[in-house]
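On a predicted model such as this, the values are computed, not experimentally measured, just so you know. Counting convention: from 1, in listed order, for ligands and their atoms alike. Start at 1 with the first residue, then count along the sequence.
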Amino acid sequence: MDKIQIKGGNRLNGELKISGAKNAALPLMVASLLSDEPLTLTNVPHLTDISQLTEILCGLGVDLVMNGDGHAEAETGRVITLTARNITSTFAPYDLVRKMRASFLVIGPLLARCHQAQVSLPGGCAIGTRPVDLHLKGLEAMGAEIELIEGYVHAKAPGGLKGAHFHFPFVSVGATENLMMAASLAKGTTVLENAAQEPEITDLGLCLMAMGAKISGLNTRTLTIEGVDRLNGTAYRVMPDRIETGTYLMAVAAAGGEVELIGARSDLIGAVIPLLSNAGVKIGETNRGIKVSRNGAHYEGVEVTTEPYPGFPTDLQAQLMALVCTAKGTSRITETIFENRFMHAPELLRMGADIAIEHQTAVIRGVERLKGAQVMATDLRASVGLVIAGLAAEGETTVNRVYHLDRGFERIEEKLGGLGADIRRIKG
Ligand code: EPZ
């Protein structure tokens with residue numbers, strides 16, 4: 001297994017291009033199931049999660065053409081054309097769904113278009129149990145009959161799905177996406193209350209609308225979707241990755257230096273900029289993206305709780321924790337989205353951090369300096385948190401299990417190396 005080795009202490013300077021958003025690209029790819037015409041997506045990142053999903057979609061009969069894998073295109077992202085002219089299977093197997101939870105999103109579009117689907121339950125994962133009950137309750141409200149048989153969801157809607165009113169008891173990004181796609185081809189109008197309003201939901205909504213869907217209420221907690229008989233193909237550019245953006249902001253804040261993030265959008269990371277600015281990190285908009293800088297001065301500790309958008313995202317919690325390990329004073333980070341998302345804390349302790357976990361809250365007392373160590377993490381964002389810690393630490397840090405990073409961070413060692421970090425991949 002590959003490892004990433006970092007010699008800490010170098011400041012980061014220069015510019016880098018922010019990639020297309022993984023968590024926007026995945027549902028957009030699934031949306032191709034809703035039309036028999038081609039959907040062309042541009043600015044798709046080169047990530048293993050994307051390749052995993054292509055495998056599932058191909059298994060359902062989607063014809064896929066992928067360009068942009070050459071080095072020259074690395075800066076502009078992949079172009080993927082997905083054509084679901086004939087859906088030849090409505091079965092998504094355990095082996096594939098278990099590896100990539102977002103593939104559970106195929107159930108809504110398959111039900112809407114083919115009136116049936118058999119999709120494996122994804123199972124738990126390193127950050128929590130992550131059930132899919134809201135996806136299923138919403139589809140049932142739209143008339144689907146659902147049975148669980150040997151770990152598989154068997155769903156059918158003999159006369160097609162029907163519009164419904166569905167109130168989410170709490171916010172779910174994936175369930176909102178699933179129901180939005182299903183409702184686009186249902187008979188009648190669907191109203192989703194207390195829906196997620198993450199920017200990835202808006203990206204999906206805009207693409208569905210370009211395909212002919214009738215959706216109102218994007219960027220709010222209530223989505224109204226008037227079902228149509230068919231959707232057409234379109235071309236759509238995936239939004240820039242707000243989590244990658246936030247990650248590089250924190251990397252520069254931790255290591256020091258000045259970096260321009262080309263293509264980054266400040267409107268997508270509303271809660272992050274004031275938090276870092278108050279802590280003493282300089283962040284400003286440029287006409288190409290966002291510039292971040294920190295000189296030698298220490299930054300202050302923070303108090304933050306993860307929340308659905310527009311609150312502080314859980315997907316940046318590990319990176320923030322790594323950053324505040326060396327802040328002035330004490331920080332408190334409360335995780336409310338996932339029950340088990342502090343797996344990076346014991347690894348940071350190995351690097352000399354002072355962290356105590358009290359239920360959902362991590363209390364981090366700033367230390368003068370972290371020290372390099374061998375570390376490993378069990379999820380994507382935790383792994384990149386450890387990379388940030390390694391950049392700021394004294395000495396050498398080796399981050400094991402790099403396959404997590406490859407799921408969600410495009411060419412991370414090249415991007416950080418280009419800014420002056422001493423970082424390399426050791427092939428395993
Ligand atoms: C999406 O996951 C993201 N994944 C996650 O990013 C992100 O952390 C999460 O949203 C929250 O922002 C993708 O977009 C592919 P949820 P999702 O449904 O949709 C519970 C990353 O690192 N829940 O909003 O699975 C659930 O267990 C990943 O890129 C139910 O109880 O998240 C969690 O506690 C990790 N029943 C909470 O709701 C359900 O039916 C929010 O989950 C659905 C969710």
Side-chain angles (χ1 to χ4, degrees), residues 19-31 45 47-50 52-53 56 97 99-108 119 121-141 146 148 153 166-181 192 194-204 221 238-239 241-247 268-269 271-272 305-319 335-341 343-344 360 377-385 404-410:
S19 301
K22 165 182 87 81
N23 288 348
L26 295 170
L28 287 169
M29 289 166 70
V30 173
L47 297 170
T48 51
D49 267 13
I50 299 288
Q52 289 276 352
L53 184 60
I56 299 219
V97 180
K99 283 193 209 145
M100 235 276 298
R101 298 181 55 85
S103 45
F104 194 74
L105 292 178
V106 301
I107 193 166
V119 179
L121 282 170
C125 78
I127 59 177
T129 48
R130 300 185 79 182
V132 288
D133 54 323
L134 296 184
H135 300 238
L136 301 182
K137 281 188 187 129
L139 291 170
E140 278 177 334
I146 288 175
L148 293 182
V153 178
F166 187 73
H167 179 93
F168 289 94
F170 52 88
V171 172
S172 164
V173 174
T176 302
E177 290 165 345
N178 222 334
L179 297 188
M180 233 171 122
M181 289 191 276
L192 302 177
N194 198 28
Q197 55 176 349
E198 268 61 7
E200 293 77 11
I201 303 279
T202 304
D203 221 35
L204 175 62
R221 286 258 174 265
V238 178
M239 63 178 248
D241 196 316
R242 66 190 169 105
I243 304 302
E244 190 194 31
T245 302
T247 300
L268 303 179
I269 48 165
V272 179
T305 299
T306 61
E307 286 169 336
Y309 190 83
F312 186 86
T314 174
D315 288 346
L316 285 174
Q317 181 258 105
Q319 298 88 316
E335 171 61 52
T336 65
I337 308 293
F338 293 107
E339 66 266 39
N340 191 24
R341 213 176 194 184
M343 304 292 279
H344 37 286
Q360 289 176 285
T378 41
D379 88 273
L380 163 63
R381 311 301 177 186
S383 304
V384 85
H404 287 300
L405 282 172
D406 294 336
R407 289 185 46 206
F409 287 94
E410 191 173 56

Can a non-hydrogen atom of [X] be found less than 4.0 Å from any atom of ligand 1?
X	value
Y309	no
R341	yes
K22	yes
R381	yes
P131	yes

In plain terms, say whether E244 and K22 are close enough for a salt bridge, that is, a side-chain N and a carboxylate O under 4.0 Å apart.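 The answer is no: the pair does not qualify as a salt bridge.
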What protein heavy atom sits nearest [atom], and how far off is it?
atom	result
atom 4 (N) of ligand 1	N23 ND2, 3.6 Å
atom 37 (C) of ligand 1	I337 O, 3.8 Å
atom 8 (O) of ligand 1	D315 OD1, 2.6 Å
atom 16 (P) of ligand 1	V173 N, 3.6 Å
atom 32 (O) of ligand 1	F338 CZ, 4.1 Å
atom 11 (C) of ligand 1	T314 CG2, 3.9 Å
atom 17 (P) of ligand 1	R130 NH2, 3.7 Å
atom 20 (C) of ligand 1	F170 CE1, 3.7 Å

What are the two closest non-hydrogen atoms of [X] and [Y], and how far apart are they?
X	Y	result
L26	L53	O-CD2, 3.3 Å
P131	R101	O-NH2, 4.3 Å
A195	V171	O-CG2, 4.5 Å
L47	E410	CD2-N, 3.5 Å
V30	L105	CG1-O, 3.6 Å
T305	T336	CG2-CG2, 3.4 Å

Evaluate Q52 against S103 for side chain to side chain donor-acceptor pair (under 3.5 Å), listing each step before the verdict. CA-CA 9 Å; Q52 289 276 352; S103 45; over 6 Å; no
Donor-acceptor side-chain pairing of [X] and [Y] below 3.5 angstrom:
X	Y	result
Q360	E335	no
N178	H135	yes
Q319	T247	yes

List every atom of ligand 1 that sits less than 4.0 Å from any heavy atom of [X], numbering the atoms from 1 in the order shown and giving each element.
X	answer
V132	39 (C), 40 (O)
H135	40 (O)
G174	18 (O), 19 (O)

Return yes or no for this condition: an N or O of E339 is under 3.5 Å from an N or O of ligand 1.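 No, E339 has no N/O under 3.5 Å of an N/O on ligand 1.
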Is there a nitrogen or oxygen of L134 sitting under 3.5 Å from a nitrogen or oxygen of ligand 1?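 In this structure, L134 places an N or O atom under 3.5 Å from an N or O of ligand 1.
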Can the ring centroids of F166 and F168 be said to lie less than 6.0 angstrom from one another?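 Yes, the ring of F166 comes within the 6.0 Å limit of the ring of F168, centre to centre.
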Could you see which bit of I243 sits under 4.0 Å from ligand 1, with heavy atoms only: side chain, backbone, both or neither?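 Under 4.0 Å from ligand 1, I243 contributes no heavy atoms.
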Just heavy atoms, cut-off under 4.0 Å: does D133 contact ligand 1 by side chain, backbone, both, or neither?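 Both backbone and side chain of D133 come within 4.0 Å of ligand 1.
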